[in-house]
Amino acid sequence: MAEVPVNWCPALGTVLANEEVTSDGRSERGNHPVYKRPLNQWMLRITAYAERLAEDLELVDWPEPIKLMQRNWIGRSEGAMIEFALAPKRTGHLSDQSSDQAQQNVIPVFTTRPDTVFGATYMVLAPEHPLVDQVTTDQQRDAVSEYVRLAASRSDTERQIDSRQKTGVPTGGDAINPATGEHIPIWIADYVMMGYGTGAIMAVPGHDRRDFEFAKQFGLPIIEVVKPHGAPTPGDSSDQAFTGEGVGINSANNEVSLNGLPTREAKKTITQWLESKGRGQPKVQYKLRDWLFSRQRYWGEPFPILHAADGRIVALDESELPVELPEMNDFTPHTSDDPDASPRPPLSRAPDTWKYVERDGGRFERELNTMPQWAGSCWYYLRFCDPHNDERFVDPTVERYWMGERGIDLYVGGAEHAVLHLLYARFWHKVLYDLGHVSTPEPFGHLFNQGYIQAYAYTDERGIHVDSEKVIEQDGGYFFEGRAVSRSLGKMGKSLKNAVSPDDICEQYGCDTLRLYEMYMGPLQASKPWNPRDIIGLHRFLQRVWRLAVDEHNGNPAVRDEADPAVESQLHRTIARIEQDIERQAFNTAIAALIEFINLATTAGGLTLDQFQRFALALAPFAPHIAEELWCKLGHKESLAYEPWPAFDQAMLTENFIELPVQLGGKVRAKLTIPADASVKQIEAAALADAKVTSLLKGKTVRKVVVVPGKIVNIVAD
RNA sequence: GCCGGAGUGGCGGAAUUGGCAGACGCGCCGGACUCAAAAUCCGGUGGAGGUGAUACUCCGUGUGGGUUCGACUCCCACCUCCGGCACCA
């Protein structure tokens with residue numbers, strides 16, 4: 001538990017994790033403004049697993065973009081921690097300070113480019129940095145306080161929006177560059193974040209874009225200490241910083257020189273030297289922050305924690321678990337528009353019988369915050385393996401059976417969970433793995449990302465989204481409550497107010513049709529627009545199936561006695577196609593195969609009982625209800641769910657004769673019907689003998705004949 | 001700005017390994033059935049030219065180049081859209 005700056009969302013009445021706040025400073029759910037403010041909250045130390053969370057991505061079969069998003073979020077960077085000593089204040093009285101503070105007269109910074117330390121011409125502290133007060137001189141105190149006050153009043157979002165123009169003020173204090181021994185000024189500026197590294201930087205304007213902009217703005221010295229490989233001379237006073245790797249220049253003192261060293265070696269050399277002087281050491285830094293784990297919500301797992309009157313925090317005994325939520329009439333969160341409203345967890349209104357616990361003669365108050373929704377999703381997949389076990393959350397044998405060698409075989413989920421659920425669950429799983437409760441280091445062996453469903457969204461003249469269900473189209477424009485709105489395509493959901501309830505479609509067409517439509521829209525991994533107009537096609541398909549199978553007048557099965565050979569072989573082909581398509585998660589083409597088959601069967605005059613049974617089994621994964629109904633109509637008492645997948649005969653898939661296109665110079669000019677097993681020589685002879693081909697080749701010389709059996713013939717002639 | 005993904009008919013999409021671009025569905029057009037409509041069934045449907053109709057010809061997978069007998073598919077450069085991150089030192 002720690003008092004830390006957290007993301008407070010008054011409109012939701014709760015605090016949120018970093019991962020739940022969008023880059024424009026709003027809540028991921030609901031799109032409400034989020035404010036930073038210090039609060040005492042529970043945190044989970046996910047940072048302790050940063051290294052393994054990044055590294056173990058190599059163990060899993062996941063889409064590369066998702067792995068990349070996690071790696072970026074974890075943000076591992078290698079560099080060095082370097083200590084800059086504070087110089088005695090020019091006008092100050094260092095002796096005034098207590099020895100305690102004097103010992104802390106050093107500012108540690110993290111840098112990925114320790115090799116540029118000779119070019120560090122100033123330092124910058126974040127406005128919130130604890131040393132700001134100490135380094136500031138009396139002359140600068142007013143300016144600094146004013147800047148700090150201003151920075152605090154601006155939200156992160158504002159800080160980002162104004163980021164083009166750098167701002168800052170000098171503190172008047174100096175630090176000593178450990179490499180050059182020179183005094184360099186210490187500034188404060190909000191382009192340095194308190195939340196990353198140490199909240200302070202060494203500024204190397206010659207080789208960092210941001211430092212360069214800042215130095216230009218405030219006329220600070222720029223020294224070049226790295227030149228690009230192969231560059232003849234140290235650069236002129238260039239108009240931008242060289243941030244790449246190169247060769248060290250202007251970088252030597254009496255003990256160490258980086259001149260002539262390539263960046264990689266220079267880093268190593270200078271870090272070793274700094275370490276020998278007790279001024280630094282190698283360091284791996286992560287962007288990942290600890291996970292804010294408290295919410296001011298009713299619906300969340302209560303913490304098994306008690307607070308004593310004297311402030312002590314004690315955990316409940318295992319025998320007292322689980323803590324169940326109290327019955328409450330009003331469990332709504334306390335929401336507000338006021339950024340300064342204080343969080344009031346709904347459980348603060350719980351009955352005293354729940355809220356207070358007597359123990360050893362003392363009265364304890366239960367923790368009133370609850371866990372976020374992610375707590376459940378971090379381990380539900382384990383519980384699903386063994387849901388009725390009342391001894392353990394999952395039996396080890398059962399866990400090994402289901403979670404196998406590398407976790408869940410196929411986990412389907414959207415990319416929006418990349419740095420939320422998929423990161424959190426991996427973290428918990430690793431903790432459980434370390435504690436010996438699960439057998440694999442990773443929970444999800446194979447991840448498949450389905451695409452987003454997109455839908456039209458509408459914004460009014462203020463750019464605010466309006467309920468798309470209430471938008472009407474008129475004279476080629478779109479209107480909401482009489483006002484013109486503009487249309488765009490976006491991810492369907494609450495934030496764009498363009499969600500469509502599937503209930504209406506179920507109502508109108510049935511859920512088999514809905515299911516078919518969703519699968520038929522396109523590839524599972526692709527984002528695709530929701531277009532209700534297309535639904536009718538799938539509904540027609542199911543109706544055609546039913547009409548073909550059942551006599552409309554008496555409701556009896558309508559089957560023929562003799563199988564049509566063309567239909568029979570097409571059925572084998574269809575089953576084979578569906579098998580392959582399911583294997584590669586191409587449900588859209590599998591359904592196309594089913595439709596093609598039914599179209600053929602309709603034209604051919606129906607199916608036999610046996611054919612219909614096989615068809616029903618092939619249809620079942622896509623339209624389970626109607627397939628069951630069909631199965632029943634065909635005379636079965638038991639569900640088809642227990643039937644094996646219909647077999648197909650490989651021999652039925654191969655044809656005796658095939659049609660082979662013949663190209664002349666890459667353009668199809670003729671078609672050949674030849675035995676499927678014809679040799680290359682035979683195909684070539686047949687192609688050259690074709691009447692159309694010979695007429696087109698008249699007066700030309702054949703240069704080359706390319707024959708790809710079963711595919712194509714291409715004749716090159718001039 | 002950086003990192004990812006994607007651009008194919010009027011629309012959603014197909015083309016499994018470099019081998020007939022546009023499967024299948026929607027929409028649209030025409031026909032059958034009907035007093036009529038709906039539903040259903042049958043046929044047509046990338047564009048341009050061409051024909052009495054059939055033939056047939058040219059163009060065509062975001063743009064420009066390249067590799068190849070052959071490119072939606074591979075390579076280079078660019079454009080547009082979507083997603084993520086964004087002063088991370």
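Order of the sequence lines sets the chain letters (A, B, ...), proteins ahead of strands, with each chain counted from 1.
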Practice prompt. Would you check if the distance from the ring center of A/Tyr122 to the ring center of A/Phe218 is below 6.0 Å?
Written response: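 They do not qualify: ring centres at least 6.0 Å apart.
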Practice prompt. Write down the distance separating the P atoms in B/rG65 and B/rU57, rounded off to the nearest Å.
Written response: 25 Å
Worksheet item: Going through the checks in order, is the salt bridge (Lys or Arg N to Asp or Glu O under 4.0 Å) test met by A/Lys681 and A/Glu684?
Response: CA-CA 5 Å; A/Lys681 274 219 167 69; A/Glu684 181 174 334; over 6 Å; no
Discussion item. If you count every heavy atom of other residues, nucleotides or ligands that lies below 6.0 Å from A/Arg71 atom CZ, does the total exceed 12?
Written reply: yes
Fill in: Closest to side chain of A/Tyr520, choosing from B/rG4, B/rG25, B/rU40
B/rG25
Worksheet entry | From B/rC69, B/rG84, B/rC20, nucleotide with atom closest to A/Lys671 side chain | B/rC20
Worksheet entry | Heavy-atom donor-acceptor pair, A/Lys491 side-chain to B/rC82 base, under 3.5 Å |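 No.
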Protein-nucleotide distance ([X], atom [atom1]; [N], atom [atom2]), rounded to Å:
X        : N      : atom1 : atom2 : answer
A/Glu552 : B/rC41 : CD    : C1'   : 12 Å
A/Glu659 : B/rG19 : CD    : P     : 18 Å
A/Glu596 : B/rA15 : CD    : P     : 12 Å
A/Met519 : B/rG13 : CE    : P     : 17 Å
A/Tyr286 : B/rA89 : OH    : C1'   : 17 Å

Set out, line by line, the N/O atom pairs under 3.5 Å between protein and nucleotides 7-11 of chain B.
unit_1, atom_1, unit_2, atom_2, d
B/rG10, N2, A/Arg533, NH2, 2.9

Worksheet item: Which residues satisfy the salt bridge (Lys or Arg N to Asp or Glu O under 4.0 Å) test with A/Asp115, sequence neighbours excluded?
Response: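 Testing A/Asp115 for salt bridge (Lys or Arg N to Asp or Glu O under 4.0 Å), a comparison that skips the adjacent residues, returns A/Arg113.
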